[in-house]
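The structure appears right after this line, and notes come after that.
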Amino acid sequence: MSQFTITIDGREVEAKAGQTILEAAEEAGIYIPRLCHKPGLEPFGGCRVCTVTANGRPCSACTQPAAPGMIVMNETEQVKDFRKTLVEMMFVEGNHFCMFCEKSGNCELQAMGYRMGIDVPRFPFLFPKRNVDASHPDILVDHNRCILCARCIRTSRDVDGKQVFDFVGRGANKRVAVRSGTRLADSDADVSDAAVEACPVGALLKKRVGYATPIGERLYDKAPIGSEIENGEES
Amino acid sequence: MSTSNGMKRVVIEPVTRVEGHGKVTILLDDQGQVHQARLHIVEFRGFERFIQGRPFWEMPVAVQRLCGICPVSHHLCAAKAVDRIVGGENLTPTAMKMRRLMHYGQMFQSHALHFFHLASPDLLFGFGSDVAQRNVLGVAAAHPELAKQGILMRKYGQEVIRLTAGKKVHGTGAIPGGINKNLSIEERDFLLEDLDQMVAWAEGALKIAKDYTVENLDAVAGFGSFDSNHMSLVRADGAMDLYDGVLRAVDKDGNVIFDGVDQQDYLDVISEEVRPWSYMKFPFIKSIGPENGWYRVGPLSRINACDFIDTPLAETARQDFMSLTDGKPNNITMAYHWARMIEVVHSIEKIKELLHDEDLQGENLVVKGKGRREAVAILEAPRGTLFHHYKVGEDDLVEQANLIVSTTSNNEPMNRAVEGVAREYLSGQEITEGLLNHVEVAIRAYDPCLSCATHAMGRMPLVIDLVDADGNLLDRKGKDTGDAC
């Protein structure tokens, strides 16, 4: 029972007890798209971009444990369209201006958009009014770009041991807030915190770094997101 | 469309073969005499407002988005300003030369685009010639070698930009206090391959522009022309300098109005007037006042204002140019084309000089020092003097911005050119497309960037309505959007 077989898109894949579908797929060189998942953090299942079907039922691959004989579908048109829809909704519900965002080229959301072939979202842009918290001397929080993946919240709590961030609000009003006050400057956040590096988009940034990496040398300039898993490279 | 005083109004909308959207309105009285003619800028962009609250290091990449033709100018001007914010204005040799290379590449491609694609149909076929031919496709059919040169010169400039900024349009090369890459040996050698050809073609374009002006001097000397002040940056020793320097303004006779003005002090010498009928402001020289203090900028003014050019081919061409007016400023509007091609030659000479400089392969890219919270930067963009002025809060966010783009400085001159040509060519005439193109020719001489990033050349609709005092449509001259114009 410690090792068993599942199938992903008809291919037999070895899995270990306790592994999620996403982890088993990754070991086999199969990329399942994801945004909130980050190695080293507990599975969260928040963004749902890793949705697959397991034995015909949709589930998030980052939280669903693999089980013997499980039939997983990752690359069907239905699953791909479902994920693409989710990513498109992320683009329209925030203010993602890739053209001048310093995270461009290193942004997982942007890279996901390219990988999924999103030319233009099919939904109307909401253009929400969101604020920028530049109170901290070395860290910038730009809520316009936040996708509520909770990576900063979880990394601060579980890796940094600080609990700088948390969610407040419900539904469309949900947002990341600073636990200790209204501004990041009021917290014990430090630029060396792992949380600052955890953001997949340009919502949490080290100040004054900007565009130091030239175009052509940024993370996703040379290969699409996920290719490091598909090519068996260390991520 | 009717006017309260019984005038008839002719509207040219949009003005074609310029960057962006604008319109011209011409008021005719009962005898068909031109009463008033104005150039209106109909787009509102609001960059100064919506960059407020953004981090200062975003400025070079964000603000360049207000233009698709000369974004490098905004990129570098904003970078020069944020250099001062981080105390990094004394760039390393590698950073300074990479930025200059980027800028000369920009000047080369923008001027080539304007001369070959936008202006040459008027010069080659005549202002009132058949509209079906008077476009870039007509040039390609009648003068294929010339059209090819125009395309490849623009491409070369774009390659220079790509290798310095990372992309041909809207790159990220200039960062606060420096540059994010140097030029590799392979990249340098790639640019050296076609360099001599580019120099030769630039000289050819200069000859065309010069010959056109000299051979048609009787016709062009008075066309939309008027005496004016001229302003530009010059190097401290009076040389033409497109990237940096001090402000100098001269009057129509070449007398110095101000000189050696530090960029940080531009508000001591320049002010802006708002007029209710245009989204563009009207800058003027403070010491003269709004009535007569307007000035021209751009290639013509740069040649007029500088004492010399520090590259040999362009300096010879400058002397040739100035001899036409006995060394006094040249106030002929159509001479902008000739001046522009002198700058094309100067830019490619500068590119050549830089490509042979080993500093471009240096590794020391960024400097920082004691920062400040307010900074001004001025740079000579293809269309003229460009001002960026930022105030930054303690939290690093931009609190206030003021941008004076070159076309803004040329607002009053373009309006004067429009009115002059309209009075001379349209008064008492039956309005035809060919006659109206004369008005557009005068505007095109300034190569205005009326807004930005409009790449619809050759597909723009042109509609002119003639309306009586009761708003009745008397006549309409138009072309559908499928026509080249």
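Quick note on labels: first sequence line is chain A, next is B, and so on, each numbered from 1.
Ranking V209(A), D142(A), D221(A), N131(A) against chain B, the residue ahead of the rest is D142(A), based on heavy-atom pairs under 4.5 Å. Your options are K181(B), R54(B), K167(B), and the one with the most heavy-atom pairs under 4.5 Å with chain A is R54(B).
Under the 3.5 Å distance criterion, the side-chain polar atoms of R154(A) are matched with a main-chain donor or acceptor of C149(A).
Within the 4.5 Å cutoff, side-chain heavy atoms of M90(A) are placed close to those of L35(A).
Neither the backbone nor the side chain of D138(A) has a heavy atom closer than 4.5 Å to any heavy atom of chain B. Neither the backbone nor the side chain of A174(B) comes within contact range of chain A; no heavy atom of the residue lies under 4.5 Å from a heavy atom of that chain. In this structure, chain B has no heavy atom under 4.5 Å from any part of D133(A). For P55(B), the part lying near chain A is the side chain, with the backbone staying farther off; criterion is any non-hydrogen pair under 4.5 Å. Proximity to chain B is absent for every atom of S104(A), based on heavy atoms less than 4.5 angstrom apart.
Under the 4.0 Å criterion applied to side-chain N and carboxylate O atoms, R122(A) and D81(A) are assigned as salt-bridge partners. Using a 4.0 Å cut-off between charged side-chain N and carboxylate O, R34(A) and E108(A) make no salt bridge.
Figure legend: K80(B) and Y243(B) shown as a cation-pi pair, the cationic atom lying under 6.0 angstrom from the six-membered ring centre and within 45 degrees of its axis.
Around CZ of F123(A), the count of heavy atoms belonging to other residues, nucleotides or ligands within 6.0 Å exceeds 12.
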